[in-house]
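Worksheet: the structure to be examined is printed underneath.
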Amino acid sequence: QLTGRWYSIGLASNSNWFKEKRDLMKMCTTIISTTAEGNLEVTSTYPKGDQCVTRNSLYIKTEQPGRFSYTNSRWGSKHNIHVVDTNYEEYALVATQISKSTGSSTMVLLYSRTKQLSPERLEMFTQFSKEQGLTDDEILILPQTGEAGSMGM
C-alpha cells in the first residue's frame, strides 16, 4: 500500500508557480493514509521560504485503479492524479494533471521512503517527465532540507 511516510525527492512541473519558486524548493514529507472508502488522505508538507507548511488533501478514488481526483476549492483547480509506478517499499512515481479556468498544467512527483534514491530511479523520473512534455528546466531533484551542498555527484 501507499500508506505511510514518503519524502518528495523529485518534482517536475510546467506551471508558473514552479518557475517562480523552483530555487526555493526543498525536500518535504508526505504522509498517506487510506479511508474506509478507499480514498487517500494525503498530508503534505510544502517548502515555503525556509519552512515547511502542511496541507491536507483528500484524493477520491476513481473507477480506474491507481487514479484519484482531487478538487482544490481555494484555487478552483481540479487534479487528476495517477500513480504511475510504485513498488510500495522504495519509491512511487505520481503524475498529476491540473486543470483550472486559466489553463492546465502537468506535475510529476517522485516519492521515496528514504531521503535518497538510486540514480536509476531518478533517471526514470526524469525520462517519464520528459515523456509528459516537460523540459530540463522544469524538472527538479529536490535538495534535502537542512543539508546544503549534499548533492555532490
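Counting begins at 1 with the first residue of the sequence.
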### Task
Under the side-chain hydrogen bond (donor to acceptor under 3.5 Å, both in side chains) rule, collect the residues that match up with S13, sequence neighbours excluded.
S15
### Query
Would the number of heavy atoms belonging to other residues, nucleotides or ligands and lying under 6.0 Å from CD of E123 be above 12?
yes
### Query
Are side-chain heavy atoms of K19 and E138 found at a separation under 4.5 Å?
yes
### Query
Counting N and O atoms only, with roles assigned by atom type, does the side chain of S112 sit under 3.5 Å from a partner on the main chain of Y7, one being a donor and the other an acceptor?
no
### Within one Ile-Leu-Val-Met-Phe-Trp-Tyr cluster: F128 and Y88, side-chain cutoff 4.5 Å
yes
### Query
Where is the tightest heavy-atom contact between S8 and M27, given as atom of each residue plus distance?
O-CG, 3.0 Å
### Message
Within the supplied structure, the quantity of interest is the number of heavy atoms (other residues, nucleotides, ligands) at a distance under 6.0 Å from E89 CD; does it exceed 12?
### Response
no
#### Entry: Nearest non-hydrogen partners of K100 and G76, listed with the distance
CB-O, 3.6 Å
### Query
Any side-chain heavy atom of W6 sitting closer than 4.5 Å to one from T86?
yes
### Task
Measure the CG-NZ distance between N16 and K21 for me, rounded to the nearest 0.5 Å.
10.5 Å
### Query
If we only count heavy atoms from C-beta on, is the T96 to Y70 side-chain gap below 4.5 Å?
no
### Query
Going through the distances and angles, do D137 and R22 end up as a side-chain contact (heavy atoms from CB on, under 4.5 Å)?
CA-CA 9 Å; D137 61 350; R22 65 166 287 160; 4.2 Å; yes
### Task
With sequence neighbours excluded, give me every side chain to side chain donor-acceptor pair (under 3.5 Å) pair touching residues 30-42.
T35-E37
### Message
So, taking the atom named OG1 in T45 and the one named CZ in R55, what distance separates them when rounded to the nearest 0.5 Å?
### Response
10.5 Å
### Task
For the residue pair D136 and K130, establish whether any side-chain heavy-atom pair is separated by less than 4.5 Å.
yes
### Non-hydrogen side-chain atoms of S69 and Y59 separated by less than 4.5 Å
no
### Message
Using the rule given for side-chain contact (heavy atoms from CB on, under 4.5 Å), can you reason through Q97 versus T106, listing the C-alpha separation, both sets of side-chain angles and the distance that settles it, and then say yes or no?
### Response
CA-CA 5 Å; Q97 292 293 335; T106 300; 3.3 Å; yes
### Query
Looking only at heavy atoms, which two atoms of F68 and V83 are closest? And how far apart?
CE1-CG2, 4.2 Å
### Query
When L11 is tested against each of I139, L109, I141, L110 for side-chain contact (heavy atoms from CB on, under 4.5 Å), which residue passes?
L109
### Backbone N/O of S104 and side chain of S99: donor-acceptor pair under 3.5 Å
no
### Query
With hydrophobic residues grouped by side-chain heavy-atom distances under 4.5 Å, do L2 and L117 end up in a single group?
yes
### Separation of I31 CD1 from N56 CG (nearest 0.5 Å)
10.5 Å
### Task
Determine whether R121 and I9 make a side-chain contact, defined as any pair of heavy atoms from C-beta on separated by less than 4.5 Å.
no
### Query
In Å, rounded to the nearest 0.5 Å, how long is the span from CD1 of I32 to OG of S44?
7.5 Å
### Message
Would a single hydrophobic cluster contain both W17 and I98, if residues Ile, Leu, Val, Met, Phe, Trp and Tyr are joined by side-chain heavy-atom contacts under 4.5 Å?
### Response
yes
### Message
Under a plain distance cut-off of 3.5 Å, with no hydrogens placed, do T62 and Q64 share a side-chain donor-acceptor pair?
### Response
no
### Query
Can you find a heavy atom in the side chain of Q132 that is under 4.5 Å from one in the side chain of V84?
no
#### Entry: Any donor-acceptor pair under 3.5 Å from N14 side chain to L134 backbone
no
#### Entry: Beyond-backbone contact of F18 with M107, side-chain heavy atoms, under 4.5 angstrom
no
### Query
Do side-chain atoms of R113 reach the backbone of A92 as a donor and acceptor pair under 3.5 angstrom?
no
